[in-house]
Amino acid sequence: MGKFYVTTPIYYVNDKPHIGHAFTTVAADILARWHRLSGDDVFFLTGTDEHGEKNQKAADAKGKTPQEFVDELAVVYKDVWKKINISYDAFQRTSSATHEAAVAEFVSRMEKNGDIYKGDYEGWYCTPDETFFTELQLVNGKCPSCGREVKKIREESYFFKLSKYQEKLLQYYDKNPEFLSPSFRADEIKNRVKDGLKDLSITRTAVKWAIPFPSNKEHTIYVWVDALISYLSGIGWPSGKSDSNNDARAYWPASVHLVGKEINWFHTVIWPAMLFSAGIEPPKKVFAHGWWTVDGKKMSKSVGNVVDPVEMADKYGADAFRYFLMREKPLGEDGDFSEKALIARINGELASDLGNFISRVVTLASRFDGKIEGTPELNVHLNAERINALIDNQELSVALEEIWLFLKSANKYVNDKSPWDLSGKELGNVLYNLIEAARIISILISPFMPETAVKINSQLGVHAGTLKDCRFTDFNGKITKGEHLFNRVQ
RNA sequence: AGCGAGGUAGGGUAGCAAGGAGUGCCCGCCGGGCUCAUAACCCGGAGAUCGGUGGUUCAAAUCCACCCCUCGCUACCA
């Protein structure tokens, strides 16, 4: 029984959550729930990244203070997570007082370590887009997003000596091969680090809605540096006080940061280097997940194909949506979302395989007036260790596949045994195997589909079990036929 | 351009590091079985020059070389 600390990125609150946010957060939720089932001491952190010029401008436009503005947006996130049953332990906001204190302390430690110096930041600025670009990003010397002229801007900035940590990072990667996950991302990062690291500009003078730089209040701290430190401030670092009233400092180093592949660089290079500088151990693993396309196209506001998790949960149920996200593609890979594919999985796997199985088993058992007992026979098809190992390795879609193999073997067992032709002890034995299989399946799917697990348990008349209960034992429940778990979508 | 990932029946995937008959899974299609169940469940079948060319080998989806195609990343006012 170990400690398990999992994080989602803290999301930039410029818009409401879409399927991408939901995907990361559901995956983290399942890892957290699974580790709770296995008896681990779990802490699950999510939150919102609330500083930056964009929020400042958006707030101005609405005649609100930035704080009022982000207060409203943070609630939107919390509501969505509630809707899809996210069981986070703390929700960290970068505009909170405890976070700001943590950032100031962290940056001061970096400075004491001699890793911060004053210099000039130089970049190409596109005035209409209000965005900075690097030399490399420019397309034919023009703005890469709108194609218009850009101008060179130079301003005073404090820099972090990222370059100093090149060797130390490479050593850390080699000693901790799991840190760069999935493995196919490792070479990508290593090669780029080997090519050399440039020092990082970590303060700004133009952004006011941000955390002040402690030793020069004319400057504010670059939002990414600010945001990364939330993984520490969210568990109460350094004071023991946190916004969740929970001193959880002992959970560090994090077991796994779940991040999108677009922000892998920040988490696997900049963040561990910052931690080295502040004298803190890096996280054990950063897992970069893939992206969703929608109906084969890139998801974007202008195309109008952004998938709203709340709409999906309303239409198909939170469990079905969660199941689809985890089953359709491996966490690390890209994949495609479509309602057609979602409906296919609901009808084929949730209604037909799972729902129908529970239905037929509960009906058979509820008509039986003998004692449901016997000898385990179906247990040979259950591979709980493998499922556990797969989830430990973030292979959630394969884990579901493995659970479904067990489910399918149970469905086959019904046909092979033809319990409708049996009676007495013989029937009691078949029902025993089926009911126990149903009870174990309910435990195994509970992290993925918590609402469904509750429904199955209530039909079987048993309490929610843990991973220890995933074995064939005596059945002591009371069967009550209930509603269908999932209805077919026409 | 550099770096990385990928191209396997109609669609989607696993297999590739440690070569051994195209082996597996899901959907779809065709045929059969069953009647407990949500027209569901179970069984069988058809369908693939494993992106292309060349090489290594007794043997290549798997190793090597070259080529074609698809996709991602390329960092700093997110």
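Chain naming here is simple, since letters A, B, ... match the order of the sequence lines and numbering starts at 1 in each.
Taking the nucleotide of RNA chain B with the nearest heavy atom to each of Asn487(A) and Leu405(A), the more 5' of the two is matched to Leu405(A).
Using a 4.0 Å heavy-atom cutoff across all strands shown, Phe357(A) reaches no nucleic acid atom at all. Backbone-only contact: Val223(A) has heavy atoms under 4.0 Å from sugar-phosphate atoms and none from a base. Note on Arg367(A): only backbone sugar-phosphate atoms sit closer than 4.0 angstrom, heavy atoms only; bases stay farther off. Contact annotation for Glu349(A): backbone-only contact, meaning every heavy-atom pair under 4.0 Å involves sugar-phosphate atoms and none involves a base. Within the nucleic acid shown, Ser359(A) comes within 4.0 Å of at least one base atom, counting heavy atoms only. Residue Lys54(A) is in base contact, counting any heavy-atom pair closer than 4.0 Å across all strands shown. Counting any heavy atom pair closer than 4.0 Å across all strands shown, Gly52(A) reaches no nucleic acid atom. No engagement by Ala344(A) is indicated, since no non-hydrogen atom pair under 4.0 Å with the nucleic acid exists. Using a 4.0 Å heavy-atom cutoff across all strands shown, Gly196(A) reaches at least one base atom of the nucleic acid. At the heavy-atom level, Ile202(A) lies nowhere under 4.0 Å from the strands shown.
Summarising the geometry, the separation between CZ on Arg345(A) and P on C25(B) is reported as 16 Å, rounded to the nearest angstrom. Going from atom CG of Leu400(A) over to atom C1' of C26(B) covers 13 Å, rounded to whole Å. For Glu218(A) and C77(B), the CD to P distance is 21 Å, given to the nearest whole Å. In this structure, Asn347(A) atom CG and C41(B) atom P are separated by 10 Å, rounded to whole Å. In this structure, Lys190(A) places its NZ atom 22 Å from P of A75(B), rounding to the nearest Å. In this entry the distance linking CG of Asp199(A) with P of A75(B) reads 16 Å, nearest Å. Atom NZ of Lys194(A) is separated from atom C1' of A75(B) by 18 Å (rounded to the nearest Å). Separating the NE2 atom of His289(A) from the C1' atom of A5(B) is a distance of 17 Å, rounded to the nearest angstrom.
Remark: Lys481(A) pairs with Ser359(A), Thr363(A) by the side chain to side chain donor-acceptor pair (under 3.5 Å) rule, at least two apart or across chains. For the salt bridge (Lys or Arg N to Asp or Glu O under 4.0 Å) test, residues two or more places apart in sequence or in another chain that qualify with Lys417(A) are Glu377(A). Every residue two or more places apart in sequence or in another chain that forms a side-chain contact (heavy atoms from CB on, under 4.5 Å) with Lys62(A) is listed here: Lys64(A), Phe69(A). Take Phe159(A) and apply the ring pair (Phe, Tyr, Trp, His ring centres under 6.0 Å) test, not counting sequence neighbours, and it matches Tyr117(A). Residues forming a salt bridge (Lys or Arg N to Asp or Glu O under 4.0 Å) with Lys194(A) (at least two apart in sequence, or on another chain): none. Ser423(A) pairs by the side chain to side chain donor-acceptor pair (under 3.5 Å) definition with nothing, not counting sequence neighbours. With sequence neighbours left out, the side-chain contact (heavy atoms from CB on, under 4.5 Å) criterion links Asn356(A) to Arg360(A).
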Please output the side-chain donor-acceptor pairs of residues 378-390 of chain A that fall under 3.5 Å, not counting sequence neighbours, one pair per line with the distance.
residue: Asn383(A); atom: OD1; partner: Arg386(A); partner atom: N; Å: 3.2
residue: Arg386(A); atom: NE; partner: Glu402(A); partner atom: OE1; Å: 2.6
residue: Asn388(A); atom: OD1; partner: Trp34(A); partner atom: NE1; Å: 2.7

What pairs of nitrogen or oxygen atoms, one from the protein and one from nucleotides 42-47 of chain B, lie under 3.5 Å apart?
residue: C42(B); atom: O4'; partner: Asn415(A); partner atom: ND2; Å: 3.0

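Rounded to whole Å, the P atom of U62(B) lies 12 Å from the corresponding atom of U53(B). Remark: the separation of the P atoms in C25(B) and G52(B) is 24 Å, to the nearest Å. To the nearest whole angstrom, the two P atoms, one in U8(B) and one in C58(B), are 31 Å apart. C29(B) and U74(B): their P atoms are spaced 42 Å apart (whole Å). Across G24(B) and A65(B), the matching P atoms stand 31 Å from one another, rounded to whole Å. For the P atoms, the distance linking A60(B) with U70(B) amounts to 30 Å, nearest Å. Rounded to whole Å, the C1' atom of C27(B) lies 13 Å from the corresponding atom of A9(B). Using atom C1' as the reference point in both G55(B) and G12(B), the two lie 33 Å apart (nearest Å).
Of the options Trp404(A), Phe448(A), Tyr316(A), a ring-ring contact (aromatic ring centres under 6.0 Å, His included) to Tyr323(A) is made by Trp404(A) and by none of the others.
By the 5.5 angstrom centroid cut-off and the 30-degree plane limit, Trp265(A) is classified as not stacked against the base of A75(B).
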For Watson-Crick and G-U wobble pairs within 3.5 Å on both distances, what is RNA chain B written in dot-bracket notation, | included for inter-strand pairing? (((((((..(((((.....[..))))).(((((.......))))).....(((((..]....))))))))))))....
What string of B, S and - do you get for nucleotides 6-16 of chain B, 5' to 3', when a contact is any protein heavy atom under 4.0 Å? -----------
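Using a 30° and 60° split on the angle between ring planes, Tyr173(A) and Phe179(A) fall in the parallel class, below 30°. Aromatic ring pairs are classed by plane angle as parallel below 30°, tilted from 30° to 60° and perpendicular above 60°; the pair Trp81(A) and Tyr77(A) is perpendicular. Using a 30° and 60° split on the angle between ring planes, Phe266(A) and Trp224(A) fall in the parallel class, below 30°.
The side chain of Glu155(A) lies closest to C77(B) when the candidates are C77(B), A75(B), G72(B). Closest approach to the Tyr222(A) side chain among C77(B), C36(B), C73(B) is made by C77(B) (side chain taken as heavy atoms from C-beta onward). Listed nucleotides: U38(B), C36(B), A78(B). Nearest to the side chain of Tyr12(A): A78(B). Across C34(B), G72(B), C77(B), the shortest atom-to-atom separation from the side chain of Val207(A) is found for C77(B). Side-chain proximity of Val414(A) to the nucleotides U38(B), A78(B), C36(B) is greatest for C36(B). The side chain of Trp420(A) lies closest to C34(B), out of G72(B), C34(B), U38(B).
Side-chain nitrogen and oxygen atoms of Ser201(A) include none within less than 4.0 Å of the OP1 or OP2 phosphate oxygen of C77(B).
For the pair Ser230(A) and Ile10(A), the tightest heavy-atom approach, listed with the atom from each and the gap, is OG-CD1, 3.0 Å.
Note on residues 217-233 of chain A: no pairs pass salt bridge (charged side-chain N to carboxylate O under 4.0 Å, His left out), not counting sequence neighbours.
Heavy atoms from other residues, nucleotides or ligands lying under 6.0 Å from NZ of Lys16(A) number 12 at most.
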